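In this text, all values refer to a predicted model and were calculated from it rather than measured experimentally.
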Amino acid sequence: MSLEAKGLTMEDEGYISAFRSFEGEVYENYIYEKLLRYAANEPKIKSFIIKGPHKHRTRAQSDALSVSWKGQIIYRARHKEIGEFDGLLFTDKELYFVEMTLVKSVSNLKKRLRKKRALLEVLFPRYNVKALLVLNEGATGTSDLPPYASVWLTKPYSARHILEKLSSNSPREPMIRIESDKIAHAEELKVAAFKYYATLSWMLRSLRGKEPIDLDFFRRAATQRYHDIYTKVYVGYLSVDDFKILAPDLSWNGSNASRVVVAIEKDHSGGYFLTYFIRHSSKKLDNVVLGSGGSKVAKKDPFGITLTEMNHLDKVMDQSFAFTFEQHTELDNIVSKLIH
């Protein structure tokens with residue numbers, strides 16, 4: 001509404017972007033209300049997490065599942081959010097996490113689904129964790145989703161009428177709260193212990209048990225589960241001089257980087273690749289991926305979880321974790337042949 005007050009119209013890029021975000025939030029809230037009523041009356045569902053306006057505001061807890069001040073179901077490691085869930089439904093043996101989105105293609109959701117599923121498998125080990133995606137009709141890529149994901153399709157949705165109603169200051173209907181003995185509060189659930197940074201250290205040390213890495217440990221199901229949670233596994237570092245040979249096109253103006261951290265990441269096609277993190281200053285962190293077309297650089301959030309991981313690695317990654325140029329070459333050859 002503030003954009004309309006500034007004279008922006010539906011043809012303006014800024015308006016379109018803001019409206020899409022607004023519409024996505026309205027869709028999520030609308031589907032969540034429908035889902036609550038379904039869960040309250042579905043015998044197979046034994047409990048569901050309450051959030052949003054149905055939940056009294058609380059502060060998010062560290063190393064625990066909780067509902068944030070904004071009304072979202074989240075898991076935090078210390079003070080950083082590492083997982084957010086649109087909904088959580090429990091049956092006797094299964095735990096469903098819900099994704100509600102208006103995206104036109106779900107191809108880019110696979111990484112997010114892996115991360116959320118892996119985190120819940122660690123927190124709730126006795127449950128078979130599955131995903132429920134609520135999408136608009138016409139969304140593509142659903143046939144390529146993993147077996148643990150189910151899809152519900154809704155009719156084409158537009159929030160234009162909601163925006164018009166809000167803009168006209170029309171009287172609002174009273175909120176109807178759901179009453180059910182199935183309601184569960186996130187902060188009251190017992191979850192398995194998960195020490196985010198201690199596990200990060202354990203992974204690093206275990207992977208470097210052999211040179212260049214311990215492939216048997218890397219292939220373990222537990223290792224891959226943690227890999228999905230962190231989205232990458234750190235394995236050591238290269239000297240800046242060696243990395244300049246690999247990436248001669250990078251600019252180092254004003255950089256105070258003392259080393260380049262090396263990690264392994266999963267790609268969307270079932271393989272793995274090496275990814276690199278360069279900390280130029282206390283709050284300036286670049287993620288670099290090397291390719292045939294040169295270096296691709298993504299700037300990381302100066303207040304994000306990756307920067308806190310770098311702080312942790314500064315304390316635990318001594319000279320024994322350094323790769324020589326030859327070791328790195330061997331590692332790159334190994335990683336390029338691995339599949340998941």
Side-chain angles (χ1 to χ4, degrees), residues 10 13 15-42 44-45 47-54 65 67-68 70-75 81-91 94-121 124 127-165 178 182 186 228-229 231 266-270 340:
M10 280 291 290
E13 187 175 335
Y15 186 102
I16 294 171
S17 177
F19 181 75
R20 284 175 179 169
S21 297
F22 167 77
E23 193 167 55
E25 290 186 23
V26 173
Y27 181 74
E28 180 184 334
N29 291 336
Y30 174 74
I31 296 299
Y32 183 74
E33 292 295 324
K34 294 285 187 181
L35 195 65
L36 283 184
R37 288 155 177 79
Y38 168 80
N41 294 288
E42 171 53 55
K44 292 182 180 179
I45 297 177
S47 64
F48 54 88
I49 305 296
I50 202 76
K51 69 166 192 174
H54 296 277
L65 200 66
V67 175
S68 70
K70 295 181 179 179
Q72 297 299 320
I73 305 168
I74 65 170
Y75 183 87
E81 180 184 315
I82 63 170
E84 180 182 317
F85 306 94
D86 294 344
L88 291 176
L89 309 172
F90 295 82
T91 68
E94 296 167 327
L95 165 54
Y96 287 86
F97 66 95
V98 187
E99 284 282 311
M100 314 164 194
T101 176
L102 288 172
V103 296
K104 298 187 182 302
S105 172
V106 298
S107 299
N108 293 331
L109 293 180
K110 292 179 183 178
K111 183 177 180 179
R112 187 197 305 178
L113 294 179
R114 288 201 308 262
K115 178 184 176 76
K116 294 186 177 187
R117 183 177 187 239
L119 177 58
L120 291 174
E121 285 178 332
F124 298 96
Y127 285 95
N128 180 15
V129 180
K130 297 185 177 183
L132 171 61
L133 280 71
V134 184
L135 309 169
N136 238 195
E137 277 183 359
T140 62
T142 56
S143 60
D144 296 326
L145 288 170
Y148 61 80
S150 301
V151 176
W152 289 356
L153 294 175
T154 66
K155 293 180 179 179
Y157 183 79
S158 171
R160 172 57 55 184
H161 65 294
I162 300 294
L163 182 60
E164 291 173 353
K165 191 172 183 179
I178 299 299
K182 296 181 181 182
D228 288 334
I229 294 174
T231 70
K266 294 181 178 180
D267 65 22
H268 295 299
S269 62
H340 59 85

A.B. asks: For Leu163 and Phe22, work out which heavy atoms get closest and say how close.
C.D. replies: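 Answer, listing the atom of Leu163 first, then Phe22: CB-CE2, 3.9 Å.
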
A.B. asks: How long is the gap from NZ on Lys165 to NE2 on His161, to the nearest 0.5 Å?
C.D. replies: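 Those atoms lie 8.0 Å apart.
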
A.B. asks: Determine, stepwise, if the pair Ile162 / Tyr30 fulfils side chain to side chain contact (heavy atoms under 4.5 Å, CB included).
C.D. replies: CA-CA 11 Å; Ile162 300 294; Tyr30 174 74; over 6 Å; no

A.B. asks: Verify the distance criterion only: is there a donor paired with an acceptor across the side chains of Tyr27 and Thr154 at less than 3.5 Å?
C.D. replies: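 Judged by distance alone, the side chains do pair up.
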
A.B. asks: Where do Val129 and Tyr148 come nearest, in terms of heavy atoms and distance?
C.D. replies: O-CB, 4.2 Å

A.B. asks: Checking salt bridge (charged side-chain N to carboxylate O under 4.0 Å, His left out) between Asp228 and each of Lys116, Lys266, Lys111, Lys110, which is the one that passes?
C.D. replies: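 The single option meeting the salt bridge (charged side-chain N to carboxylate O under 4.0 Å, His left out) with Asp228 is Lys266.
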
A.B. asks: Could you label the plane-to-plane angle of the Phe90 and Tyr127 rings as parallel, tilted or perpendicular, counting under 30° as parallel and over 60° as perpendicular?
C.D. replies: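 Rings of Phe90 and Tyr127: perpendicular, as their planes differ by over 60°.
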
A.B. asks: Could you go through Val106 and Asp144, starting from their C-alpha distance and side-chain angles, then the distance that decides it, and tell me whether this counts as side chain to side chain contact (heavy atoms under 4.5 Å, CB included)?
C.D. replies: CA-CA 9 Å; Val106 298; Asp144 296 326; over 6 Å; no

A.B. asks: I need the minimum non-hydrogen distance between Ile45 and Ala39, along with the two atoms involved.
C.D. replies: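 Heavy atoms only, the tightest pair is CD1-CA, 3.7 Å.
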
A.B. asks: Not counting sequence neighbours, which residues clear salt bridge (Lys or Arg N to Asp or Glu O under 4.0 Å) with Arg112? List them please.
C.D. replies: Glu99

A.B. asks: So do Tyr157 and Ile31 actually touch side chain to side chain, heavy atoms under 4.5 Å?
C.D. replies: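 The answer is no, as the side chains (C-beta and beyond) never meet within the 4.5 Å cut-off.
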
A.B. asks: Would you find a donor on one side and an acceptor on the other, under 3.5 Å apart, between the side chain of Glu42 and the backbone of Lys44?
C.D. replies: yes

A.B. asks: What is the distance from atom CZ of Arg114 to atom NE2 of His340, rounded to the nearest 0.5 Å?
C.D. replies: 5.0 Å

A.B. asks: Between Leu89 and Leu35, is there a side-chain heavy-atom distance shorter than 4.5 Å?
C.D. replies: yes

A.B. asks: What distance separates Thr142 OG1 from Leu153 CG, expressed to the nearest 0.5 Å?
C.D. replies: 7.0 Å

A.B. asks: State the NZ-CD1 distance between Lys182 and Ile50, to the nearest 0.5 angstrom.
C.D. replies: 12.5 Å

A.B. asks: With Lys130, which residues qualify under salt bridge (Lys or Arg N to Asp or Glu O under 4.0 Å), at least two apart?
C.D. replies: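 Lys130: salt bridge (Lys or Arg N to Asp or Glu O under 4.0 Å) contacts with Glu94.
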
A.B. asks: Step by step, work out the side chain to side chain contact (heavy atoms under 4.5 Å, CB included) result for Asp86 and Val134.
C.D. replies: CA-CA 10 Å; Asp86 294 344; Val134 184; over 6 Å; no

A.B. asks: So which heavy atom on Tyr32 is nearest to which on Ile49, and how close?
C.D. replies: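 Tyr32 and Ile49 have their closest heavy atoms at OH-O, 2.9 Å.
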
A.B. asks: Is the closest side-chain heavy-atom distance between Thr91 and Tyr96 below 4.5 Å?
C.D. replies: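 Side chain of Thr91 against side chain of Tyr96, heavy atoms only: contact under 4.5 Å found.
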
A.B. asks: Under the salt bridge (Lys or Arg N to Asp or Glu O under 4.0 Å) rule, collect the residues that match up with Glu28, sequence neighbours excluded.
C.D. replies: Lys51

A.B. asks: Testing the basics here: between Leu119 and Gly83, what is the closest heavy-atom pair and its distance to 0.1 Å?
C.D. replies: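 So the minimum-distance heavy-atom pair works out to CD2-CA, 4.1 Å.
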
A.B. asks: Given side chains that start at C-beta, do those of Ile229 and Tyr75 come closer than 4.5 Å, heavy atoms only?
C.D. replies: no

A.B. asks: How long is the gap from CD1 on Ile73 to CG on Leu65, to the nearest 0.5 Å?
C.D. replies: 7.0 Å

A.B. asks: Once rounded to the nearest 0.5 Å, what's the spacing between atom CG of Leu109 and atom OG of Ser107?
C.D. replies: 8.0 Å

A.B. asks: Tell me whether the NZ or CZ atom of Arg160 lies within the 45° cone about the ring axis of Phe19 and under 6.0 Å from its centre.
C.D. replies: yes

A.B. asks: Do the side chain of Thr140 and the main chain of Lys104 share a donor and acceptor less than 3.5 angstrom apart?
C.D. replies: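 Yes, because the side chain of Thr140 sits within donor-acceptor range (under 3.5 Å) of the backbone of Lys104.
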
A.B. asks: Counting neighbours of CZ on Arg20 that are heavy atoms of other residues, nucleotides or ligands and sit closer than 6.0 Å, is the number greater than 12?
C.D. replies: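 No, not enclosed.
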
A.B. asks: Looking only at atom types and distance, does a side-chain atom of Asn128 sit under 3.5 Å from a main-chain N or O of Leu95, one as donor and one as acceptor?
C.D. replies: no

A.B. asks: Using the side chain to side chain contact (heavy atoms under 4.5 Å, CB included) rule, take Leu113 and Phe97 through it: C-alpha gap first, then chi angles, then the decisive distance, then the call.
C.D. replies: CA-CA 9 Å; Leu113 294 179; Phe97 66 95; 3.8 Å; yes

